[in-house]
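This report concerns only the one structure given below.
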Amino acid sequence: MGFAPALHAEWIKISTLRSQAATLCAILLATVAFSLLATADTEGADADPLFSAFLGVSFGQIAAVAFGTTAVAAEFQGGALRVSLAAVPRRGLWFAAKATAIALPVLAVGLITGLLTWAVGRAALGDRAETIGTAEGLRAAVGCGLYLTLMALLAAGLTAVLRSGAATLGILIPFLLIVSFVVGDASGSVADLLPDRAGQVALHSTWDGSLGPWTGLAVTALWTAAALAAGAWRTRRRDA
C-alpha cells in the first residue's frame, strides 16, 4: 500500500470517532473563550495586548495534545495496531501517514482558531488594538495554527514511545500547565527553549528573550521532530 491509501485509511479512523471531532471543536472553543476572558480582564499598561488576545492558546493546546494522543493511543487497544500493520507492513510509512492524518485537521482548525481569536481579541481590546499592526496580528494567527499542530504531533510522537495515552497526558498536561512556568521562573533564558514557551513567542508583540517568532516555532518543531523520530523508531523496533 502506498502513502495516499494509507493516509486515507488513517483519516477514516480519525474522522469516524466522535471524540476526535469533539476534541477539534474544543481546540477552537477553549482558545477563543479563554482569550476573550483574558482580553477583557487585562487592563494593565504593561500587558502585551497581542498575547492577551491569544492567551487562550495555553488552554487550547491541551485539546490539541489530547487529539494527537488519543489518535495514536487507539492503535494500542484491542490489537488495532496489528490490523493496521497487516494492511501497511512498512511501519515507517504507516507512522508517517498517521502523523499526517493528525497534522492536517489540527492545522486547519488551528488556523481558523488563530484568525477567529485575533478577530474576537481585536474587538475586545478596543483602543489597545491600535498598537498592534495587521502584520503582527496575522503572524500571531498563523503562528497559533502552527503551534497547535506542533503540539499535537509532539503528543503523538510521545504516545508512540510510551504506548500509553494516559502516561502521555499525565506527563504533558502537568508540564504545560505547571512545570513550564515553574522552570521558567527559576531558570531564566534556559526555559525559553522549552517547546511551549518557544512556540508561544509568535503570539507576543514584544519579547525579551533571544528567540524570535519564527525561531521560537523552529525550536518547537525540533522538539516535535525528535518526538516523532523516537516514536517511529519505537514503532519499528517493538512488536505490535
Side-chain angles (χ1 to χ4, degrees), residues 10-11 13-27 30-31 57-85 88 91-107 109-110 147-184 186-187 190-191 193-200 219-240:
E10 294 305 320
W11 168 243
K13 293 180 189 177
I14 291 175
S15 61
T16 52
L17 291 175
R18 293 181 180 179
S19 60
Q20 293 295 78
T23 306
L24 286 175
C25 292
I27 294 174
T31 302
V57 171
S58 297
F59 299 92
Q61 68 180 338
I62 302 303
V65 164
F67 182 86
T69 298
T70 53
V72 176
E75 296 289 343
F76 304 116
Q77 299 175 1
L81 182 59
R82 289 192 293 272
V83 177
S84 297
L85 295 180
V88 188
R91 297 189 178 200
L93 177 66
W94 170 81
F95 191 75
K98 173 68 78 174
T100 304
I102 292 169
L104 292 178
V106 177
L107 178 60
V109 171
Y147 173 73
L148 291 170
T149 304
L150 290 172
M151 295 308 290
L153 290 174
L154 176 67
L158 184 58
T159 304
V161 173
L162 299 177
R163 295 203 163 199
S164 170
T168 301
L169 294 175
I171 291 172
L172 284 182
I173 292 179
F175 175 82
L176 294 173
L177 294 180
I178 301 173
V179 176
S180 180
F181 294 99
V182 174
V183 172
S187 61
V190 175
L193 299 177
L194 294 175
D196 57 323
R197 292 174 69 93
Q200 290 186 24
V219 169
T220 304
L222 288 175
W223 281 92
T224 298
L228 289 173
W233 178 84
R234 181 77 163 173
T235 300
R236 288 194 185 101
R237 300 288 295 179
R238 187 168 177 177
D239 292 339

TODO: Considering non-hydrogen atoms only, spot the tightest contact between Thr149 and Ala103 and give its length.
DONE: CG2-O, 3.7 Å
Open item on the list: Ignoring hydrogens and geometry beyond distance, is a side-chain donor-acceptor pair present between Gln20 and Ser15 at under 3.5 Å?
Closed with: no
Task: Summary of salt bridge (charged side-chain N to carboxylate O under 4.0 Å, His left out) pairs that have at least one residue in residues 168-183, sequence neighbours excluded - done: none
- [ ] First locate atom CG of Leu17, then atom CZ of Phe67, and finally report the distance between them rounded to the nearest 0.5 Å.
- [x] 9.0 Å
TODO: For a side-chain contact (heavy atoms from CB on, under 4.5 Å) with Ile62, tell me which candidate from Leu172, Thr23, Leu177 qualifies.
DONE: Leu177
TODO: Work out which heavy atom in Leu150 is nearest to a heavy atom in Thr224; give both atom names and the distance.
DONE: O-OG1, 3.0 Å
TODO: Kindly give the heavy-atom pair with the smallest separation between Val161 and Arg234, and that separation in Å.
DONE: O-NE, 3.1 Å
TODO: Drop me the distance from Leu153's CG to Thr159's OG1, to the nearest 0.5 angstrom.
DONE: 11.0 Å
Task: Shortest non-hydrogen contact between Leu148 and Gly110, atoms and distance - done: CD1-CA, 4.0 Å
Task: Distance in Å, Leu154 CG paired with Gln61 CD, rounded so as to fall on 0.5 Å steps - done: 10.0 Å
Task: Least distance between heavy atoms, Ala156 atom then Ile102 atom - done: CB-CD1, 3.7 Å
Task: Counterpart residues, side chain to side chain donor-acceptor pair (under 3.5 Å), relative to Glu75 (two or more places apart) - done: Lys13, Ser84, Lys98
TODO: Using a 4.5 Å cut-off on heavy atoms from C-beta on, say whether the side chain of Ile171 contacts that of Leu162.
DONE: yes
Task: Considering all heavy atoms, the nearest Thr220-Pro195 contact - done: OG1-O, 2.7 Å
Open item on the list: To the closest 0.5 Å, what do you measure between CG (Leu104) and CH2 (Trp11)?
Closed with: 8.5 Å
Open item on the list: Rounded to the nearest 0.5 Å, what separates atom CG in Leu169 from atom OG1 in Thr70?
Closed with: 8.0 Å
Task: Straight-line distance of Asp196 CG to Met151 CE, nearest 0.5 Å - done: 6.0 Å
- [ ] Could you pull out all residues at least two apart from Phe59 that satisfy ring pair (Phe, Tyr, Trp, His ring centres under 6.0 Å)?
- [x] Phe34
Task: Residue pair Phe95 / Arg236, side-chain heavy-atom distance below 4.5 Å - done: no
